[in-house]
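This report refers to the structure that appears directly beneath it.
Lettering follows sequence order; numbering is per chain, from 1.
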2 protein chains.
Amino acid sequence: MDENCTVYKTVNVLSKKWNLLIIQSVYKSKNYTKRYTEIKKDLAEITPKILSQRLSELEQEGLITKEIDSSKVPIKSFYTLTNSGRELINVVKGMKNWGLKWKFPSDACERTRCRNCRL
Amino acid sequence: MDENCTVYKTVNVLSKKWNLLIIQSVYKSKNYTKRYTEIKKDLAEITPKILSQRLSELEQEGLITKEIDSSKVPIKSFYTLTNSGRELINVVKGMKNWGLKWKFPSDACERTRCRNCRL
DNA sequence: CCGGATCCTCTGCGATACTG
DNA sequence: CAGTATCGCAGAGGATCCGG
């Protein structure tokens with residue numbers, strides 16, 4: 001495998017820590033949009049620095065868009081999945097189904113819409 | 001999302017650096033079996049320490065099995081995908097198809113069996 | 001209050017060399 | 001051939017601070 005291979009490059013982008021969980025967190029929300037603080041609350045263990053870094057990278061990669069409402073205080077940031085970002089949910093679902101089958105069976109997650117992951 | 005969620009735990013295992021590429025490298029081989037040096041050659045940029053670490057972890061996770069032929073020198077190690085490891089190829093394929101569509105189009109990889117990734 | 005930025009610490013990846 | 005030993009450094013994590 002050389003570094004020009006699509007698989008190689010894609011895996012390196014997607015398997016960067018937190019990326020798929022951020023995508024999934026935003027995907028769960030209405031209109032595929034979430035605020036910075038909501039994502040941070042959803043991914044309890046992520047630190048603000050890392051979340052900012054990842055969101056910025058995902059924006060540059062074209063997987064999410066950012067909008068800022070500074071019309072009134074407090075200023076609010078909204079992050080929305082692009083079309084490409086939305087389609088990534090299939091990858092997350094693939095991982096979930098594999099995990100349910102082979103590693104981490106969970107009654108809660110078996111349901112079509114788990115309370116945690118909503119997939 | 002709490003840390004008991006199947007999605008959370010599964011993503012953390014699978015998105016660890018090199019894991020999916022190792023799985024895919026072994027998957028491409030006859031009988032889903034590859035030797036240490038062959039994997040290292042296939043993933044040119046991986047270092048021996050990291051490859052050893054990852055293989056050991058993947059073995060503990062039950063995704064690969066290891067067999068050593070020490071009957072004659074040089075000693076040879078064989079790594080084989082388990083059933084759960086084989087099924088992970090669907091996740092890799094999902095990533096590949098997403099990457100082809102949105103990020104890294106490639107004529108070579110578009111073919112059903114790319115010379116590099118064989119997926 | 002919200003959305004970060006800053007500073008510091010520390011795990012863990014990467015590179016090179018070496019060995020049973 | 002299939003790894004280990006050692007070292008250096010980037011990036012993840014933790015705590016705190018700050019402008020709007």
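- Side chains of B:Thr33 and B:Asn31: a donor-acceptor N/O pair is absent below 3.5 angstrom, by distance only.
- Closest to the B:Thr37 side chain, of the nucleotides D:dA2, C:dG4, D:dA12, is D:dA2.
- A:Tyr79 comes within contact range of the sugar-phosphate backbone alone, with a heavy-atom separation under 4.0 Å but no base atom that close.
- Listed pair A:Lys76 / C:dC1 fails the phosphate criterion, with no side-chain N or O lying under 4.0 Å from OP1 or OP2.
- Rounded to an integer number of Å, the gap from CD of A:Glu57 to P of D:dG11 is 9 Å.
- Atom pair B:Gln53:CD and C:dA15:P shows a separation of 14 Å (rounding to whole Å applied).
- Listed candidates were D:dA12, C:dG14, C:dC2. Nearest to the side chain of A:Pro74 is C:dC2.
- Nucleotides of DNA chain D nearest to A:Lys49 and A:Ile75 differ in position, and the one nearer the 5' end is that of A:Lys49.
- Side-chain N/O atoms of A:Ser77 include one lying less than 4.0 angstrom from OP1 or OP2 on C:dG4.
- If you check the side chains of B:Trp102 and A:Glu87, you find a donor sitting under 3.5 Å from an acceptor.
- Atoms CH2 (B:Trp18) and P (C:dG12) sit 18 Å apart, rounded to a whole Å.
- Regarding B:Lys34, its NZ atom lies at a distance of 16 Å from the P atom of D:dC1, rounded to whole Å.
- In this structure, NZ of A:Lys16 is placed 15 Å from C1' of C:dG12, rounded to the nearest angstrom.
- One side chain, B:Tyr8 or A:Glu45, offers a donor N or O that lies under 3.5 Å from an acceptor on the other.
- Contact annotation for B:Lys40: no contact, since no heavy-atom pair falls under 4.0 Å across all strands.
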Item to complete: List the steps and the verdict of salt bridge (charged side-chain N to carboxylate O under 4.0 Å, His left out) for A:Arg54 and A:Glu57.
Response: CA-CA 5 Å; A:Arg54 290 293 164 275; A:Glu57 293 162 10; 3.0 Å; yes
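- Across all strands, B:Lys66 comes closer than 4.0 Å only to sugar-phosphate atoms, never to a base (heavy-atom distances).
- In this entry the distance linking CD1 of B:Ile46 with P of C:dG14 reads 7 Å, nearest Å.
- Counting any heavy atom pair closer than 4.0 Å across all strands shown, A:Lys72 reaches no nucleic acid atom.
- In this entry the distance linking CG of B:Asn19 with P of C:dC13 reads 10 Å, nearest Å.
- For B:Thr47, taking side-chain heavy atoms from C-beta onward, the closest of the listed nucleotides C:dG14, D:dA2, C:dA5 is C:dG14.
- Judged purely by atom type and a 3.5 angstrom limit, B:Ser77 has no side-chain atom pairing as donor or acceptor with the backbone of B:Tyr36.
- As a whole-Å value, the separation of A:Asp69 CG from D:dG20 P is 17 Å.
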